[in-house]
Amino acid sequence: MDQLERMLNLSEPERAAVEKIQSRLPVGITPYFMSLVSRDDPQEALRRTVVPTAAEFITTPEEADDPLGEDSMSPVPGLVHRYPDRVLLLVLDFCSTYCRYCTRSRVVGHGAIYPSRSRLERAIEYIRSTPAVRDVLISGGDPLTLNDERIGWLLSQLRAIPHVEILRIGTKVPAVLPQRITPNLVRVLRRYHPLWMSLHFTHPSECTPEATRACERLANAGIPLGSQTVLLKGINDNVATMTALCHQLLRMRVRPYYIYQCDPITGSSHFRTAVESGLDIIRGLRGHTSGYAVPTYVIDAPGGGGKIPLMPNYVEGREGDMLLLRNYCDRQYRYPDVIGS
Ligand SMILES: *Cc1c(COP(=O)(O)O)cnc(C)c1O
């Protein structure tokens, strides 16, 4: 509280939340990210993503601590195997900055998922003995908060498994701690190609010269970069903000990958939007700007169904063999489909 008060003029709901936070998702903000946050405006976008507020303590009936059922699809601690050919490896539960809408707030920041060698070796052993796994997504917490040697050890272990074709790292470090993307880290990472990275950018204000430099170093090391963005009410849930973000990302050599509908995680009601606002964003992007700037809008299905893509309806029906289509300018077109071939 003392530190926050030195840097921000806290509102009453923010102060109440910080006092109450105790064993819940901790508050953590890097000095760099704090420098981007508004000192006086509690409604400013980046401030809302990292400073808790009293609404976090409201729980609605549809919310759950683990809506995606990750814990029930975990063959070994800290490893989620939901899809046939890829796994999610939760390396640790620590982040340098905690997003208030975190989908993994049930575990993140609690010291429950520890990057011990023995636990990671069990997870690696599961992957080694499961030949169907050709893609390993290394996430957490934020894996890039580990030191370079640990990261190199983990990547080398996974790379040594013949059936693991690609490695991926999920991280918000380029947005919240871009100084961590050092030349030495990049030298370690580039040894383990094909290595892909999913970054987490939420708002165009995060696309600073520092973040741009971090992404440039990663891209120059041959790492394809994607960004995952959570749709957040009053933060990025309109066409103008999302277009600005996607354009900035392309300039930073980051391909917008997913827009996520916000999961019904406990205490998230002040962040969640109507699905229609997500569809409006896709409608406002597709055709109006570079295809590379248009991410896939998905709902990660509660109950563990995985990511389900949502699209505005461009197919209006049929007239005999003719498919009736609607384009981005709302005009109708007909395509002679091949029936029964
Ligand atoms: C999102 C996710 C993946 C990766 O999905 P892609 O669509 O391939 O990016 C893998 N495992 C789990 C459990 C996930 O939630």
Side-chain angles (χ1 to χ4, degrees), residues 64-93 95 99 101-108 112-113 119-120 122-124 126-144 154-155 158 161 163-172 174 193-202 218 223-232 246 249 254-266 268 272 278 282 292 294-311:
D65 288 343
D66 182 18
L68 309 183
E70 290 189 337
D71 292 342
S72 67
M73 295 181 167
S74 185
V76 294
L79 186 120
V80 185
H81 194 178
R82 169 175 298 143
Y83 296 105
D85 70 341
R86 53 211 191 278
V87 293
L88 170 65
L89 172 56
L90 306 178
V91 178
L92 77 175
D93 67 13
C95 287
C99 310
Y101 49 86
C102 179
T103 190
R104 247 167 246 131
S105 54
R106 72 183 185 287
V107 286
V108 159
I113 302 180
R119 185 183 67 82
L120 291 175
R122 272 187 74 191
I124 292 162
Y126 175 86
I127 296 167
R128 191 180 292 121
S129 60
T130 312
V133 176
R134 42 160 289 286
D135 175 1
V136 178
L137 173 45
I138 301 164
S139 184
D142 199 317
L144 295 191
L154 180 62
L155 291 173
L158 293 168
I161 302 173
H163 57 264
V164 172
E165 296 171 8
I166 64 165
L167 299 170
R168 292 197 246 178
I169 294 177
T171 177
K172 196 175 163 75
H193 279 310
L195 174 69
W196 295 61
M197 258 193 208
S198 289
L199 313 181
H200 176 33
F201 284 93
T202 299
L218 294 169
I223 302 169
L225 304 174
S227 174
Q228 318 195 89
T229 300
V230 182
L231 188 60
L232 297 169
C246 291
L249 288 171
V254 180
R255 161 84 156 105
Y257 180 40
Y258 282 138
I259 292 178
Y260 287 98
Q261 178 66 11
C262 189
D263 294 327
I265 204 87
T266 304
S268 65
R272 282 186 279 122
I282 300 300
Y292 276 122
V294 186
T296 304
Y297 176 41
V298 295
I299 292 183
D300 215 331
K307 296 173 184 71
I308 299 177
L310 301 178
M311 276 277 272

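Atom set for the values below is all heavy atoms of this structure, side chains included, hydrogens, waters and symmetry mates excluded. Note that the numbering runs from 1 along the sequence shown for the chain. Note that the coordinates shown come from a computational prediction; the quantities given were computed from them, not determined experimentally. Note that ligands are numbered from 1 as they come in the structure, with each ligand's atoms numbered from 1 the same way.
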Worksheet item: What's the shortest distance from atom 11 (N) of ligand 1 to any protein heavy atom, and which residue and atom give it?
Response: Tyr83 CD1, 3.7 Å
Practice prompt. Taking Arg119 for its side chain and Val91 for its backbone only, find out whether a donor-acceptor pair lies under 3.5 Å.
Written response: yes
Discussion item. Which residue and atom name correspond to the protein heavy atom nearest atom 2 (C) of ligand 1, and how close is it?
Written reply: Lys307 NZ, 2.3 Å
Worksheet item: Just distances here: any N/O of Arg86 and N/O of ligand 1 closer than 3.5 Å?
Response: yes
Discussion item. Just so I know, are the side chains of Asp65 and Ile265 near enough to count as touching, which here means a heavy-atom distance under 4.5 Å?
Written reply: no
Worksheet item: What are the atoms of ligand 1, with element, lying closer than 4.0 Å to any heavy atom of Arg168?
Response: 4 (C), 6 (P), 8 (O), 9 (O)
Fill in: Flag side-chain contact, heavy atom, 4.5 Å: Val230 against His200
yes
Worksheet item: So does Arg128 have more than 12 non-hydrogen atoms from other groups sitting under 6.0 Å from CZ?
Response: yes
Worksheet entry | Test item: Arg82 and Leu68 side chains (from C-beta on) under 4.5 Å apart, heavy atoms | yes
Worksheet entry | Nearest non-hydrogen protein atom, atom 6 (P) of ligand 1 | Tyr257 OH, 3.5 Å
Practice prompt. Heavy-atom contacts with Tyr258 under 4.0 Å: which atoms of ligand 1 show up? List them by number with element.
Written response: 6 (P), 7 (O), 9 (O)
Worksheet entry | Per-atom contacts, ligand 1 versus Leu137 - under 4.0 Å to a heavy atom | 3 (C), 4 (C)
Worksheet item: With atoms numbered from 1 as shown, which atoms in ligand 1 lie under 4.0 angstrom from a non-hydrogen atom of Val80?
Response: 13 (C)
Worksheet item: Can you tell if the side chain of Arg272 reaches within under 4.5 Å of the side chain of Tyr101, non-hydrogen atoms only?
Response: no
